[in-house]
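Here's the structure, in structure tokens; my notes come after.
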Number of protein chains: 2
Amino acid sequence: MASDGLRPVTRSPLYEQVAERLRDFIDAQQLQPGDRLMSERELAERLGVSRTSVRQALTALRVQGLVEIKHGEGVFLLRGPSELVPNLASEIVSSEVDHPMIWEVREAIEVQAARLAARRRKRADLEAMRAALDMMETAVAGGEDGVVEDRRFHRALVEAAGNPLLRQLTEQLSDVIDRTSEASLTLAGRPQVSLLSHRAILAAIEHGDEAGAAEEMRKHVMASGERVVAHARQGR
Amino acid sequence: MASDGLRPVTRSPLYEQVAERLRDFIDAQQLQPGDRLMSERELAERLGVSRTSVRQALTALRVQGLVEIKHGEGVFLLRGPSELVPNLASEIVSSEVDHPMIWEVREAIEVQAARLAARRRKRADLEAMRAALDMMETAVAGGEDGVVEDRRFHRALVEAAGNPLLRQLTEQLSDVIDRTSEASLTLAGRPQVSLLSHRAILAAIEHGDEAGAAEEMRKHVMASGERVVAHARQGR
DNA sequence: TCTTGTCCAGTGGTTGGACCAGTATGCCAC
DNA sequence: GTGGCATACTGGTCCAACCACTGGACAAGA
């Protein structure tokens, strides 16, 4: 399917345009954290839109953590112009699975998850990981890449870590993580190696060997990352 | 300064309550990604609020990536109930600085940051960290707790890691991290010990000793966490 | 029978204006 | 000074109307 130049027209809502104008404004004026914006009524007049639209835009900026809205006082800047784009993760990364930065973050999170899993190792968690690996072994033996089963294993491991906050972070990055895993496992010979690494990690966890589990996971993530990055460079 | 139970009352805006109700609703109903919510008008009536407030709440949920709003069609769920509450960090944690979960996450992120900082160690970054430590030394010598300087050091370290994604994660957790640091440094004798740990970490980074930097940071974070948790248990 | 056009009901998007509620400020009586 | 009060801002909420878009029902035409 070729790009036929007939992709659907996308009209962006007014409040979104307003939000963008406001971002541009605080950037152009070089407003600093703590500075106060104009009142909603004045903004509405200057932008030529209704106050409702301004309020919707401000709500959006508020959710993004850019401004703080104080009843009776005004709207105050929380972060400087330099710290825009809070969705850096999905923005920058989505198209560049081979960026080392992602692998470094995976290393941070998953190594700690492995360590904590080894510390806690509930029976149900261990069985979930074992099951995921068995499924992956079957898939790999059948010539598949085992992407789905790999994902299942990593999620089970994070679950086994028993840390809701850590779990939340991985879910937030799940898109990126899944992409990187896929990029790794579609490399020739990689699924077999990955499976062995997983077995080693699980073994350490089962023995309650925190340091060992952490180190095995670190080696695993690093190796995967290096292979993907190298392959990407080669392709360019 | 003791907790006097007279902190300012915080009235949450209506649209925020509405947003929370909606989150609860899609959780209770176990709505799946792709499902459609009721119309804005119906939601307004059922919740007993104006359509304006509903729209503000929906805008917030949209920005958070929870729903997709399609003109002429309706509001559709993007993520399942499992991936709710992106602000879990500030929600759960704000009042429980002594929860081990936070320290475990700090360990994950900061250990990796130390490792990467040792790998890259740009001159400017090293100087920023040194400067922060010197300031902390002066503060501690003067009998202060050095909370501000400690924060400066940790931020400089994350900066030195040279990983924007990692940096973003720490910023997202900055509230929690700052609280935990403060809880640690206000314990008797802790600032002195912390300062020594920082010196050791920085030394390893300066030598480009990745494993050493990582291990020193791990010991530092673990020790801080254990002390805070122990002190909290004692207080109960 | 299949297509085409029209209409219509329901959806979100936007507006203006009104009023409620919280904050800061200055003035005034005490 | 202190407290009370009026006031002039600020954001928060509501309402009623209308615009813009979508999808489906349905009739007119090929």
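Residue numbers start from 1 in every chain, and the chains themselves are labelled A, B, ... in the order their sequence lines are given, proteins ahead of strands.
Residue A:Gln56 contributes atom CD, which lies 9 Å from atom C1' of C:dT14 at whole-angstrom precision. Atom-to-atom, CD of A:Glu40 to P of D:dC14 comes out at 15 Å; the value is rounded to the nearest Å. The CD atom of A:Glu73 sits 7 Å away from the P atom of C:dT23 (whole-angstrom rounding). Atom CG in A:Leu37 sits roughly 13 Å away from atom P in D:dT10 (whole-Å rounding). The distance from atom NE2 of A:His71 to atom P of D:dA8 is 18 Å, rounded to the nearest whole Å. A:Arg36 has its CZ atom 11 Å from the C1' atom of C:dA24, to the nearest Å. Look at CG on A:Leu14: it is 18 Å from P on C:dG12, rounded to the nearest Å. Rounded to a whole Å, the CE atom of A:Met38 is 17 Å from the P atom of D:dC9.
Using a 4.0 Å cut-off, some side-chain N or O of A:Ser39 falls inside it from OP1 or OP2 of D:dT10. Listed pair B:Arg51 / D:dC15 fails the phosphate criterion, with no side-chain N or O lying under 4.0 Å from OP1 or OP2. When the side-chain nitrogen and oxygen atoms of A:Arg55 are compared with OP1 and OP2 of D:dG12, one or more of them lie within a distance under 4.0 Å. When the side-chain nitrogen and oxygen atoms of A:Thr52 are compared with OP1 and OP2 of C:dG16, none of them lie within a distance under 4.0 Å.
At most 12 heavy atoms of other shown residues, nucleotides or ligands fall within 6.0 angstrom of atom CZ in A:Arg46. Heavy atoms from other residues, nucleotides or ligands lying under 6.0 Å from CD of B:Gln17 number more than 12.
The listed nucleotides are D:dC14, D:dG11, C:dT15; the one nearest the side chain of A:Arg41 is D:dG11.
With hydrogens and angles left out, the side-chain atoms of A:Arg151 and A:Ser174 include no donor and acceptor closer than 3.5 Å.
Relative orientation of the B:His220 and B:His198 rings is perpendicular, given thresholds of 30° and 60° on the angle between their planes.
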